[in-house]
Amino acid sequence: MAQNSLEFAVIPTAIGECALVWNESAEIVGSTLPHGSADQVRGAVRGWYPGAVEASPAPVAPAVAAMTRLLDDGVGDLAQIPLDMSAAPDFDRRVYEVVRAIPPGETRTYGEVAAALGAPGAAQAVGQAMGRNPFPPIVPCHRVLAAGRRIGGFSARGGPRTKLRMLENEGVYLKQPTLFDL
């Protein structure tokens, strides 16, 4: 791979086609949740990362396995996947580090993330950083909720419904399931 070039792969998961984009050091520079078909995911990646070339995911095989396991089975730790956050603003990087530490099956509110950053009044800024998250689900923005454990927004395809589905896959139910949901 040439210096400063990027490669990507489309990854099939239980919730749809996702993608990983990596640099010459096999650090993830971006990822995506489903955007529809595999071709739509490819188009989104090429729009965000002009010049990125589709390639075998072998250099990032551990990231592929971890992401697939999380999205398929709701388990797995993505916190060890190497990320290149150099393009993210400092505040966003700090938010992403706090959010990466939220394990599957747990949630935090935007306010709790802000407080963990030492900026208790910055819940809205945390929400904006989540909306710009270039690393879903490696930075698990789906685990960050609005006040009162409300679902809040979600910029991935399917919006809050997708967020709720991902949380439920990890065993987080924001409403009690009824007999008909089991």
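- By the 4.5 Å heavy-atom criterion applied to side chains, Arg100 and Leu83 are counted as neighbours.
- Counting heavy atoms from C-beta on, the side chains of Val41 and Cys18 never come closer than 4.5 Å.
- When the side chain to side chain contact (heavy atoms under 4.5 Å, CB included) test is applied to Ala116, the partners found at least two apart in sequence or on another chain are Val98.
- Remark: Glu27 engages Asn23 in a side-chain hydrogen bond (donor to acceptor under 3.5 Å, both in side chains) (not counting sequence neighbours).
- Identified under the salt bridge (Lys or Arg N to Asp or Glu O under 4.0 Å) test for residues 107-120, with sequence neighbours left out: Glu106-Arg108.
- For the side-chain hydrogen bond (donor to acceptor under 3.5 Å, both in side chains) test, residues two or more places apart in sequence or in another chain that qualify with Thr32 are His35.
- Under the ring pair (Phe, Tyr, Trp, His ring centres under 6.0 Å) criterion, no residue pair touches residues 69-116, with sequence neighbours excluded.
- Among residues two or more places apart in sequence or in another chain, the side chain to side chain contact (heavy atoms under 4.5 Å, CB included) test is passed with Leu164 by Ile151, Glu168, Leu174.
- For residues 145-163, no residue pair satisfies the salt bridge (Lys or Arg N to Asp or Glu O under 4.0 Å) rule, not counting sequence neighbours.
- Among pairs with a residue in residues 31-54, those fulfilling salt bridge (Lys or Arg N to Asp or Glu O under 4.0 Å) read Asp39-Arg42, Arg42-Glu54, Arg46-Glu54, at least two apart in sequence or across chains.
- Legend: residues meeting salt bridge (Lys or Arg N to Asp or Glu O under 4.0 Å) with Asp84, ordered by chain and number and at least two apart, are absent.
- Every pair passing side chain to side chain donor-acceptor pair (under 3.5 Å) that includes a residue from residues 129-144 is listed here, sequence neighbours excluded: Asp92-Arg132, His142-Glu170, Arg143-Glu170.
- Under a cut-off of 6.0 angstrom, the local environment of CD in Gln128 is crowded, with over 12 non-hydrogen atoms contributed by other residues, nucleotides or ligands.
- Partners of Glu17 according to the side-chain hydrogen bond (donor to acceptor under 3.5 Å, both in side chains) rule, which considers only residues two or more places apart in sequence or in another chain, do not exist here.
- When the side chain to side chain contact (heavy atoms under 4.5 Å, CB included) test is applied to Val21, the partners found at least two apart in sequence or on another chain are Leu6, Phe8, Val29, Val45, Tyr49.
- Using a 4.5 Å heavy-atom cutoff, the side chains of Pro137 and Leu71 are in contact.
- Taking 4.5 Å as the limit, every side-chain heavy atom of Pro103 sits out of range of all side-chain heavy atoms of Asp77.
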